[in-house]
Amino acid sequence: MEPTPALPPGTRVLDLGARDGAVAADLRAVGLDRYLGLVEPGRLAAARRAAGDLADRLHPVPTPDVAARCSTDLLILRADRARVLWTVRDLGHLRYLAVEHGAGISGLEARLAVLVGRAGGRLAPLGRFVWGGRAFDLYRLPPPHGPAPRTYFSPVWGATGLATRLKEAGLRYAVLRWFESLPVIEPGEDLDLLVADDNVDALRGILESEPGTMPVDLYSVSGLAASDYQGAAYYPPALAEQVLDRAVVHESGFLVPSPQDHLHSLAYHAVYHKGRRSGLPSRGLGPAEPAPEHDYPAELRRLARGQGVALDPWYEDVDAYLGSVGWRPPTDALRRLSSGNAWARGLLASDHDARLGDAELAVFLVREATLAVVPAEQVEAVLDRFGFDVLLATDLGPTARERAATALRGGNWGRGPFPRSGGDPVRMVVALHYAPEEPYDWLRERYPHLTNAETFEAKSEVRRLVEQRVPEPEQFNPLHSSDSTAEAWEYLDVIAPDAVGTVRAEAERRAAQHVAPPGTVRTLSVGRRARVDVVAGTDGLVVRKTFAPPFTRFLDRELTALRELGGRVAAVPPLVAAGTDWFACPCYEDTLGAARSRTGLLPLAVVRSMVDVLRELHGLGYDLVDAKPGNFVLDPTHGLKVVDFEFLHRYDDEPPSFARAVGLVGPGPEFRGDVPVGEMGYDARWLAATGLPLDVLVDGSVVTQHLARARYRLRLLTVLPGSPPRRVARRARASVRHARWLATSRYTEWARRRAASGRETGAR
């Protein structure tokens, strides 16, 4: 056994279940003097007497779950605390774990728990060491998770020592509430600290310079990472700065809010953070939770009386009071807060007046670092591609920038999950989308207030452009947007209030244009650029395609194809009528869906006819960029027709070979025409309907094509995604994953009960 561990200098050590100062003395002898020993309260006096000059390093065990709620690098578990090992997954904040080598039942249990931890890859052995005459097995844990708003400081200092250290460091901070009893901190209570952005790291460094068990919640002014509240600033940043600027010295030595700011900040916390959990009665939102942590109504009455304010502490009345003194959060911040405070949703105005029929308004805020990488016109080209009709695009002046940075996004424009921040917003794009997509499940879980998935997809495309042009260590979030039409109006009202009326009138005008035409029998689709309706005409049913205002270039291509090719290519429908933003064609009966085989393949004759149509267009110098089986219809009377020419491209020079046509293989980097959203290329668009390799489709004989389709069907039944064996294997993997999840959850539940029973035994 080795006498000392190879631990880095400055390692913080928390000894859970310490009995005296012997371990602390041995560690101090090798330079590890950041030690905290937690002793059962009944043994504390004797332990301190035996510890000599290390007595101040021994303190009572504060809570049964202190192993998971502490700040340290190395956790030492004494033999009677070995059951904590069952919950090693809850110890992700640690770097090292040392377990006293014991005999008997507790020693056996510790060894079993270690085996489980090692099997799960959580514990890597570093050897056995002797400290204070006792043997300890030392393990390295996986890299600890990053910092969080909740951290801990040392009971060796106590509150008075912490106040002294903060004063000596000259930091701008304030203890937000429940500070009247300081320096005494009641059991179960914590310190809520608001701190200037520039001082976050320094304050955290002080708090975490020693092993700690006294909890602190750390909130920065602008909601920087790991000092935020639900991903945003704790208070509107301008108000948070005011609290720090006007902070006063409490008799305990801590800085605390001025009396007026104390009233306002506590009321804000009660209404917008706590909600139903504050105990404030509500006139319309239902009963509050009984027995809240603190008596907020009584405390607000007391503080209001001290300021000469007549405040009746009902939920709605406190909200109205905060609005009257400028302490009500911006609506987008209130909406964010409502995800953790259901009562806050009751304070949000109805979205009814904000709506624009089926269309959605969005405000995109381009951040400062973006324009050096992705020019403004390219950002707007991405929005156009995803169907956004730009109504207003403008650089923000200093005043508008300041309003956007402080009042929107919870005041948090930090780096978030990216290596660096994209900076404050410098440009605003207001756009209308005529075919919003319902967010899919995982997107709705991640962004519960988002109403159009296309908003997320467009932002993701701009992010991909940044990723292509910026090294990974320097990447950033380039774009922020509103989540709904209601929020878009709120953004516009904050940033450019003078433009609201003009934008609203134009948005309403354009949205009113893009509705079902008179005589509509049924709507076939509403897409990014156009809607397609079956309309009763004078000579029967026709299909009418109506384009949104900014997308007339797509209408022009449709009309070019119908007028120039309609009489030359049999598969091109005739033009029945046209207007400034629409055209009409005959309404065909489509039997392609019924023609597909059980495996999803179209009849070979139909596939060959589709290729003949594309080959004929190619021979005339055209490329149907968006070509795919879904853009054809098969009418029993009129035969095969192609029905979508939005992305028709005419070559000015010699076109590529037909086998390399964009409509078959997708666009290369040299292609300069419009490109549809979605995956391009033959495998993505054609293979599932043809069952043929591209070269066989284009140049193969009928016999070769039949043989190739037979091979494809065989692969479809055996090895391709969706084949029965693959489906069975997928279900088996899903069953294994579920069984593993079930076993893990049951084990975790049992392990936590087991660890808790050990804590209770130790407490007795």
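- Considering only heavy atoms from C-beta on, Val271 comes within 4.5 Å of Leu280 through its side chain.
- Leu392 and Val503 make their closest contact through CD2-CG2, 4.1 Å (heavy atoms, listed as atom of the first residue, atom of the second, distance).
- Annotation: side chain of Glu467 is not in contact with side chain of Glu472 (no heavy-atom distance under 4.5 Å).
- Checked against ring-ring contact (aromatic ring centres under 6.0 Å, His included), Tyr434 has the following partners two or more places apart in sequence or in another chain: His514.
- Side-chain contact between Arg544 and Val534 is absent, with no heavy atoms from C-beta onward closer than 4.5 Å.
- Legend: residues meeting side-chain contact (heavy atoms from CB on, under 4.5 Å) with Glu564, ordered by chain and number and at least two apart, are Thr560, Tyr622, Arg650.
- Considering every non-hydrogen atom in both Ala233 and Ser222, the closest pair reads CB-C, 3.7 Å.
- Two residues are said to be in side-chain contact when any heavy atoms from C-beta on lie closer than 4.5 Å; Arg563 and Leu575 meet this criterion.
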Practice problem: Applying side chain to side chain contact (heavy atoms under 4.5 Å, CB included), run through Ser484 and His449 and close with a yes or a no. | Solution: CA-CA 7 Å; Ser484 65; His449 306 296; over 6 Å; no
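- The shortest side-chain heavy-atom distance between Leu239 and Tyr234 does not fall under the 4.5 Å cut-off.
- Listed for the Asn477 side chain is no donor-acceptor partner under 3.5 Å among the backbone atoms of Gly422.
- Taking 4.0 Å as the cut-off between side-chain N and carboxylate O, Asp674 and Arg385 do not count as a salt-bridged pair.
- Sorted by first and then second residue, the salt bridge (Lys or Arg N to Asp or Glu O under 4.0 Å) pairs with a member in residues 509-522 read Asp389-Arg510, Glu506-Arg509, Glu506-Arg510; sequence neighbours excluded.
- Note that CD of Glu445 and CG of Leu450 are 13.5 Å apart. Values are rounded to the nearest 0.5 Å.
- Residues forming a ring-ring contact (aromatic ring centres under 6.0 Å, His included) with His649 (at least two apart in sequence, or on another chain): Tyr651, Phe671.
- For the residue pair Gln242 / Asp261, a side-chain donor-acceptor distance below 3.5 Å is found, with atom types taken as modelled.
- Atom NE2 of His264 sits about 12.0 Å away from atom OH of Tyr235, to the nearest 0.5 Å.
- Partners of Arg463 under the salt bridge (charged side-chain N to carboxylate O under 4.0 Å, His left out) rule, at least two apart in sequence or in another chain, do not exist in this structure.
- A donor-acceptor pair is defined here as one N or O able to donate and one able to accept, closer than 3.5 Å; such a pair exists between the side chain of Asn631 and the backbone of Asp626.
- When ring centroids are compared, Tyr491 and Trp489 stay outside the 6.0 Å threshold.
- Residue pairs meeting the salt bridge (Lys or Arg N to Asp or Glu O under 4.0 Å) criterion with at least one member in residues 356-381, sequence neighbours excluded: Glu380-Arg427.
- By the salt bridge (charged side-chain N to carboxylate O under 4.0 Å, His left out) test, Arg150 is found to be paired with Asp190, Asp217, residues two or more places apart in sequence or in another chain being considered.
- Looking at Arg328, its side chain never comes within 3.5 Å of a backbone N or O of Val325 through a donor-acceptor pair.
- Looking only at side-chain heavy atoms (C-beta outward), Leu365 and Val363 come within less than 4.5 Å of each other.
- Taking the centre of each ring, Trp327 and Tyr321 stay at or above the 6.0 Å mark.
- Using a cutoff of 4.0 Å between basic side-chain nitrogens and carboxylate oxygens, Asp192 and Arg177 are scored as salt-bridged.
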Practice problem: Assess whether side chain to side chain contact (heavy atoms under 4.5 Å, CB included) is satisfied between Phe388 and Thr455, documenting all intermediate values. | Solution: CA-CA 9 Å; Phe388 287 92; Thr455 302; 3.8 Å; yes
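- Here the closest heavy-atom approach between residue Pro478 and residue Thr370 is recorded as O-OG1, 2.7 Å.
- Cation-pi contact between Arg276 and Trp343: absent, since separation from the ring centre below 6.0 Å together with deviation from the ring axis within 45° is not met.
- Note: Trp442 and Phe456 have perpendicular aromatic rings, judged against thresholds of 30 and 60 degrees for the angle between ring planes.
- Although no hydrogens or angles enter the test, the distance criterion places no donor-acceptor pair under 3.5 Å between the side chain of Thr331 and the main chain of Glu487.
- Taking a cutoff of 4.0 Å between a charged side-chain nitrogen and a carboxylate oxygen, Arg553 and Glu646 do not qualify as a salt bridge.
- Salt-bridge annotation for Asp245 and Arg172: present, with a side-chain N of the basic residue lying under 4.0 Å from a carboxylate O of the acidic one.
- Taking all atoms of both residues into account, the shortest heavy-atom contact from Leu624 to Asp644 is CD1-O, 3.4 Å.
- Between the Thr485 side chain and the Leu361 main chain, a donor and an acceptor come within less than 3.5 Å of each other.
- Looking at heavy atoms from C-beta onward, Leu383 lies in side-chain contact with Phe364 at the 4.5 angstrom threshold.
- The ring-ring contact (aromatic ring centres under 6.0 Å, His included) search around Phe551 returns none, not counting sequence neighbours.
- Side-chain contact, Glu490 with Ser482: no donor N or O sits under 3.5 Å from an acceptor N or O.
- Here Phe547 pairs with nothing under the ring-ring contact (aromatic ring centres under 6.0 Å, His included) rule; sequence neighbours left out.
- Checked by atom type and distance alone, the side chain of Ser220 pairs as donor or acceptor with a backbone atom of Ser227 at under 3.5 Å.
- The number of heavy-atom neighbours closer than 6.0 Å to CG of Asp384, taken from other residues, nucleotides and ligands shown, is above 12.
- Proximity of a side-chain donor or acceptor of Ser338 to a complementary backbone N or O of Ala342 within less than 3.5 Å is not detected.
- The environment of CZ in Arg660 is sparse: at most 12 heavy-atom neighbours from other residues, nucleotides or ligands sit within 6.0 Å.
- Contact annotation: the side chain of Arg420 never approaches that of Gln475 to less than 4.5 Å [non-hydrogen atoms, C-beta and beyond].
- No donor-acceptor pair under 3.5 Å is formed between the side chain of Ser525 and the backbone N or O of Gly527.
- Asp556 meets the side-chain contact (heavy atoms from CB on, under 4.5 Å) test with no other residue; sequence neighbours excluded.
- The stretch residues 392-432 participates, sequence neighbours left out, in these ring-ring contact (aromatic ring centres under 6.0 Å, His included) pairs: Trp413-His480.
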Practice problem: Determine, stepwise, if the pair Glu454 / Val677 fulfils side chain to side chain contact (heavy atoms under 4.5 Å, CB included). | Solution: CA-CA 11 Å; Glu454 297 282 67; Val677 172; 5.7 Å; no
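- Here Pro471 pairs with Pro473, Glu474 under the side-chain contact (heavy atoms from CB on, under 4.5 Å) rule; sequence neighbours left out.
- Salt-bridge annotation for Glu438 and Arg444: present, with a side-chain N of the basic residue lying under 4.0 Å from a carboxylate O of the acidic one.
- Closest heavy-atom contact between Leu492 and Met428: CD1-CE, 3.8 Å.
- When all heavy atoms of Glu457 and Phe386 are compared, the pair lying nearest together is CB-CE2, 3.7 Å.
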Quiz item: When you look at Asp623 and Phe647, which way does the side chain to side chain contact (heavy atoms under 4.5 Å, CB included) test go after all the steps?
Solution: CA-CA 8 Å; Asp623 200 325; Phe647 291 91; over 6 Å; no
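- For the pair Arg557 and Phe645, the NZ or CZ position fails the cation-pi test of under 6.0 Å to the six-membered ring centre and within 45 degrees of the ring normal.
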